[in-house]
S.K.: 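Here it is, the structure, as structure tokens.
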Number of protein chains: 2
Amino acid sequence: MSKRKNSGAESGGRPGAGKPERYMQPSILMALRRKPSYGYELIQEIPRFGFLEGPAPPGMIYRHLRDLEGDGLVVSEWEAEGSWPAKRVYRLTGDGEAVLALWVDYMLRQAGHLTAFVDLYRRG
Amino acid sequence: MSKRKNSGAESGGRPGAGKPERYMQPSILMALRRKPSYGYELIQEIPRFGFLEGPAPPGMIYRHLRDLEGDGLVVSEWEAEGSWPAKRVYRLTGDGEAVLALWVDYMLRQAGHLTAFVDLYRRG
DNA sequence: AGGAATATATCCTTGGAGGATATATGTCAA
DNA sequence: TTGACATATATCCTCCAAGGATATATTCCT
């Protein structure tokens with residue numbers, strides 16, 4: 001038996017369990033491209049892209065948002081209008097658009113590799 | 001600027017750089033399904049599935065092989081016939097076949113999500 | 001009053017990824 | 001013959017993304 005805690009079939013992207021590709025960054029960028037939004041809303045919106053099962057983990061979202069802003073891919077504004085719990089509203093920048101475009105290229109290529117792999121499997 | 005070393009666009013699966021999804025496990029299982037093989041050969045064969053750029057990192061391959069065997073997805077036999085540097089030849093088991101099938105299901109779903117994402121981008 | 005929902009933020013641990021490295025041997029050219 | 005290179009396997013160690021846990025504050029509803 002393997003000595004490793006999370007060995008083979010139980011680890012690193014095991015189809016049934018584990019943690020598969022989540023594509024959090026492109027999902028956030030994509031959501032913000034459609035309309036400006038804020039952390040709490042993104043947590044519920046982002047799983048709709050299909051890469052996540054439940055709601056997105058808050059810690060992840062807020063950290064990504066912070067990092068994205070640090071890199072100039074998004075900018076935020078503190079919105080205290082409705083006087084409800086104030087929201088930090090983010091929107092995409094030009095740089096953010098460009099990076100999203102790169103992501104889309106990559107994802108398209110990846111989709112190609114995946115379907116090629118599946119085809120190969122079925123022929124084999 | 002972000003304080004994190006590998007922030008935003010430079011990290012965790014950034015399209016241009018970083019380290020994207022590699023699908024090492026399914027690639028190994030797939031290769032072994034076609035024919036039994038060994039570490040050194042797999043290192044060169046596996047990148048052909050498109051998920052890797054250069055040759056696969058040896059450390060990764062051997063660790064995966066060891067783990068896979070620990071989980072009963074592959075079995076190995078020490079082949080000292082040709083008397084050259086002896087090879088440990090691996091082949092897929094029934095459990096391995098089953099796990100590969102799960103992987104294929106997952107990959108097909110993932111491909112669907114990716115193309116849907118790209119479509120959404122293009123329409124938006 | 002108190003519980004649920006809204007909303008943001010930080011901290012800490014875990015574990016996969018993989019680069020670096022060690023080892024051994026057979027081939028081939030200089 | 002000797003040294004570089006290819007074949008072949010294996011282990012170790014470090015780094016960092018992931019994300020669960022947790023803290024805080026406010027408003028709505030019962």
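By convention in this document, chain letters (A, B, ...) are assigned in the order of the sequence lines, proteins followed by strands, and residues within each chain are numbered from 1. Nothing here was measured: the structure is a model prediction, and the numbers come from that model. Worth knowing before you read on, the calculation uses all heavy atoms, side chains too, and leaves out hydrogens, waters and symmetry mates.
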S.K.: What's the CZ-P distance between A:Arg88 and D:dT24, to the nearest Å?
M.R.: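 After rounding, the reported distance stands at 20 Å.
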
S.K.: Using the closest heavy atom to pick a nucleotide of DNA chain D for each, name whichever of A:Met24 or B:Ile43 lands nearer the 5' end.
M.R.: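 Its nucleotide being nearer the 5' end, the pick is B:Ile43.
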
S.K.: Kindly write out the residues that satisfy ring pair (Phe, Tyr, Trp, His ring centres under 6.0 Å) with A:Tyr38, not counting sequence neighbours, or none if the list is empty.
M.R.: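 A:Tyr38 satisfies ring pair (Phe, Tyr, Trp, His ring centres under 6.0 Å) with no other residue.
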
S.K.: Find the distance A:Glu77:CD to C:dT8:P and express it as a whole number of Å.
M.R.: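 Taking atom P of C:dT8 as the reference, CD of A:Glu77 is at 14 Å.
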
S.K.: Can you list, in residue-number order, the parts of residues 29-39 of chain B that come under 4.0 Å of DNA chain D, counting heavy atoms only?
M.R.: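 Correct list: B:Tyr38, B:Gly39.
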
S.K.: On the nucleotide D:dT9, are OP1 or OP2 found under 4.0 Å from the side-chain N or O atoms that B:Tyr62 carries?
M.R.: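 For D:dT9, OP1 or OP2 has a side-chain N or O of B:Tyr62 closer than 4.0 Å.
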
S.K.: Return the set of residues passing ring pair (Phe, Tyr, Trp, His ring centres under 6.0 Å) with B:Tyr23 (not counting sequence neighbours), or none when no residue passes.
M.R.: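 Applying ring pair (Phe, Tyr, Trp, His ring centres under 6.0 Å) to B:Tyr23 gives B:Phe51.
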
S.K.: How long is the line joining OH of B:Tyr40 and C1' of C:dA24, in whole Å?
M.R.: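 Taking atom C1' of C:dA24 as the reference, OH of B:Tyr40 is at 14 Å.
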
S.K.: Kindly say whether B:Ile46 contributes a backbone atom to a donor-acceptor pair with the side chain of B:Ser27 at under 3.5 angstrom?
M.R.: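 A pair under 3.5 Å: no.
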
S.K.: Find the distance A:Lys87:NZ to C:dA7:P and express it as a whole number of Å.
M.R.: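 Spelled out: NZ on A:Lys87 to P on C:dA7 is 5 Å.
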
S.K.: According to salt bridge (charged side-chain N to carboxylate O under 4.0 Å, His left out), does anything in residues 111-124 of chain A pair up with another residue at least two apart or in another chain? List the pairs.
M.R.: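 Non-adjacent pairs meeting salt bridge (charged side-chain N to carboxylate O under 4.0 Å, His left out): zero.
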
S.K.: Tell me: CG of A:Leu42 to C1' of C:dT8, nearest whole Å?
M.R.: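 Computing the A:Leu42:CG to C:dT8:C1' distance gives 12 Å.
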
S.K.: How many Å lie between CG on A:Asp67 and P on C:dT10, as a whole number?
M.R.: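 Taking CG of A:Asp67 and P of C:dT10, I get 11 Å after rounding.
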
S.K.: Find the distance A:Ile28:CD1 to D:dA17:P and express it as a whole number of Å.
M.R.: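 One finds 14 Å between P of D:dA17 and CD1 of A:Ile28, rounded.
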
S.K.: I want to check one thing: is the phosphate of D:dG19, taken as OP1 and OP2, less than 4.0 Å away from some side-chain N or O of A:His64?
M.R.: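 The answer is no; no side-chain N or O of A:His64 sits under 4.0 Å from OP1 or OP2.
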
S.K.: Return the set of residues passing ring pair (Phe, Tyr, Trp, His ring centres under 6.0 Å) with B:Phe49 (not counting sequence neighbours), or none when no residue passes.
M.R.: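 A:Phe117.
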
S.K.: Can you tell me how far apart CG (A:Leu114) and NE2 (B:His113) are? Round to the nearest 0.5 Å.
M.R.: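 It is 12.0 Å, given to the nearest 0.5 Å.
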
S.K.: Taking atom P of D:dA17 as reference, at what distance in whole Å does atom CD1 of A:Ile61 sit?
M.R.: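 My rounded result for the distance is 16 Å.
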
S.K.: Applying salt bridge (Lys or Arg N to Asp or Glu O under 4.0 Å), can you list everything that pairs with A:Glu97, at least two apart in sequence or on another chain?
M.R.: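 A:Glu97: salt bridge (Lys or Arg N to Asp or Glu O under 4.0 Å) contacts with A:Arg33.
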
S.K.: Not counting sequence neighbours, which residues clear side-chain hydrogen bond (donor to acceptor under 3.5 Å, both in side chains) with B:Ser37? List them please.
M.R.: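 B:Glu41.
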
S.K.: Strictly under 3.5 Å: I want the nitrogen or oxygen pairs between protein and nucleotides 20-22 of chain D, one per line.
M.R.:
none

S.K.: Taking only N and O in the side chain of B:Arg66, is any of them less than 4.0 Å away from OP1 or OP2 of D:dT11?
M.R.: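 Yes, B:Arg66 has a side-chain N/O under 4.0 Å of OP1/OP2 on D:dT11.
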
S.K.: Not counting sequence neighbours, which residues clear salt bridge (Lys or Arg N to Asp or Glu O under 4.0 Å) with A:Glu69? List them please.
M.R.: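 So A:Glu69 forms no salt bridge (Lys or Arg N to Asp or Glu O under 4.0 Å) with any residue.
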
